[in-house]
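Okay, so here's the structure we're looking at.
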Amino acid sequence: MRWSQTLIPTMKETPEGAEIPSHVLMLRAGMINQLMAGAYTYLPLGYRSLRKAEAIIREEMDKAGAVEVHMPAITPISLWEQTGRVEAFGDVLIKFDVRRQGKKVPMALGPTHEEIITDLVKKFVSSYRQLPLTLYQIQTKFRNEERPRFGVLRTSEFLMKDAYSFDSTVEGLNASYDKMYAAYCKIFERCGLDYLAVEAESGPIGGDASHEFMCITPNGEDTVVYDPKSKYAANVERAEIGKRNVAKSSVEPKPLTKLHTPNVGSIEAVSKFLKCKPHQMLKTLIYSADDRPIAVLIRGDHEANENKVRRAVGAKKLALADNETVEKITGAPVGFAGPVGLKVAVPIWADEDVAGMANCIIGANEGDHHYVGANLDRDFKVDHFADLRNAAEGDPSPRSDAKLEVRKTVEIGHVFKLGTKYSDAMGAKFLDDKEQQHTIIMGCYGIGVNRILASLIETKSDANGIVWPMSISPYEVIVSSVNAADAEVAAASDKLYAELQALGVDVLYDDRDQRPGVKFKDADLIGVPLRVVVGGRGLKEGNLELKWRTKEAAEMIPLAGAAEAVAKLVAAERAKYK
RNA sequence: CGGGGCGUAGCUCAGCCUGGCUAGAGCGUCUGGUUUGGGACCAGAAGGUCGCAUGUUCGAAUCAUGUCGCCCCGACCA
């Protein structure tokens, strides 16, 4: 492609509102244009990269035995009602009515396609002989994000590869899952991404039913913990904490004293008011576990993990109790709860670290009052100790003697053993070889295609712009003619461009009548891995200049046979991402 | 949905607090010329409902109220 004949609106300045590298650089490189919050047009350069990521995904899905389909983005609301996900999604689901022959037809834009695919499979699959089956599509998804942000990382419309496996046995599901897991590893490797497969929260199914594929970057919205020694990695929502050596504190117990703490309910406010550290405080959370209240004690600087609490107490549903319940149990407004002197006796659960605390600061179960010097056993009792909090930096690893590290990440893929949640709700069944009817066992597997691009830019760019891996770069080679007005230069670069095209190289030809500096800056900005400069300086010696985007120095190659030499380099580079 | 910020030329921004000449600059665009290896130079030109509405005032980009849009922090995220 000739630069002069396409649309690559590069920008020297950073547009207002763009802050993180991927957003800034995608805008500056002329890859995308914002239409409104959470919706972007992919311009020629951006769309080429997106399609390259898509192509890799498609290849690996096909290799893994998945079969491509294409489902509608518009869906009847009735499907979502069958599984109760109209409520579950809430405002995230984009709902609308369409008039047809004077009647309103309620619809929704697909935010994901479990219901649609299950409906499809229910219609056409009825025998174990037809299983296993894995179907996938690459399709635009719609989710009304409350707050779209971070450029292309969090949008209301995005491209997703979603695959769904259907099996007759749990072993079959495990095999389908493993195949997808392996395909995902291959896909992200081929995209040149440094990724981490982490154990993810899998809801009531539990076990190893879910993994997320994460890209580590400070601008990520997810948090994972990682043990460099055992390679254990998990989402904080899920992460186990290793054996904690919680020794009873040897500090001399102080008397329990009530203090007036006006208008300071939060941990932060109390620690500021009493000039103490959050880890000296004990927070008391009143939860409603299957509609029965419980108290949960967590050290002030830790975060409660509701999934852990839910599993520990053996509840199906768990949520923070409403204000009314809290006031009834503690006799105080929210923010002043404590384990000493609760008005209503409820089971008290505590995180393991609480056992090592002494002279805690706790709410006094009285508005605007706290106790200091509260001590376990003397002042209050705990019914059960368990791991109830999120893992934190420096916690012991559950798999080795190393300490856990905490990292921010972007989720680029997710594999999930669904079980029979949707097939049950929608009645997707099959007959086995004994003519017995069973519910089909499902798995679902998603990849955020746009996020592959954004994550690459987040992690691989430099001060001059994007640094693409050859597999995702919109073009493999850029030919920059320096002084395009010079007839000799123009002829030589035209020829090289034509030859590279004939050799099957994806080449962008910067034929603009621009000064060299402009062309070099733009080439760096858009991040094409290999740059070939055709200029008077080299031509005099019969040479062309080659420069890799990742390298500082350029090298000269002879003009004669240059196209073949470049094609060979491209082939070698391509091979790294196969 | 809570908190904060910003809307002036295609882009980045100044002007606003303290109302008053014809609303500015840089970049980009167009014309002509000189240039040509890391965002050139000279001369000229086009380009604006100052987000929108209402109000205050002799007079509003500037003050007030409302509204819309965008960005950031938090909550939420199958």
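Numbered from 1 within each chain, the chains take letters A, B, ... in sequence-line order.
Rounded to whole Å, the separation between the P atoms of B:G48 and B:C41 comes to 26 Å. One P atom belongs to B:G51, the other to B:U62, and the distance between them is 8 Å to the nearest Å. Here, B:C30 and B:G10 have their P atoms 15 Å apart, quoted to the whole Å. Of the P atoms belonging to B:C50 and B:A23, the separation is 11 Å, rounded to the nearest Å.
Two residues, A:Gly535 and A:Glu114, neighbour RNA chain B, and the one matched to the more 5' nucleotide by heavy-atom proximity is A:Gly535. Mapping A:Asp513 and A:Glu19 onto RNA chain B via the closest heavy atom, the residue that lands nearer the 5' end is A:Asp513.
Counting atom types as modelled, A:Arg147 pairs a side-chain N or O with a base atom of B:G74 as donor and acceptor under 3.5 Å. You won't find any donor-acceptor pair under 3.5 Å spanning the side chain of A:Glu13 and the base of B:G28, going by distance alone. Between the side chain of A:Arg149 and the base of B:G74 there is no donor-acceptor pair of N/O atoms closer than 3.5 Å.
Taking side-chain N and O atoms only, A:Arg515 has no distance below 4.0 Å to OP1 or OP2 of B:G39.
Following rounding to the nearest Å, A:Glu145 (CD) and B:C72 (P) show an atom-to-atom distance of 13 Å.
Aromatic rings of A:Phe188 and A:Phe213 (six-membered ring for Trp) have centroids within the 6.0 Å cut-off, being under it. Note: A:Tyr181 and A:His211 meet the aromatic proximity criterion, with ring centroids under 6.0 Å apart. The aromatic ring centroids of A:His23 and A:Tyr40 lie less than 6.0 Å from each other.
Nucleotide B:C13 forms a pair with B:G24, judged by Watson-Crick or G-U wobble geometry with both contacts under 3.5 Å.
Within residues 22-44 of chain A, the residues having any heavy atom under 4.0 Å from RNA chain B are, by residue number, A:Arg28, A:Gln34, A:Met36, A:Ala37.
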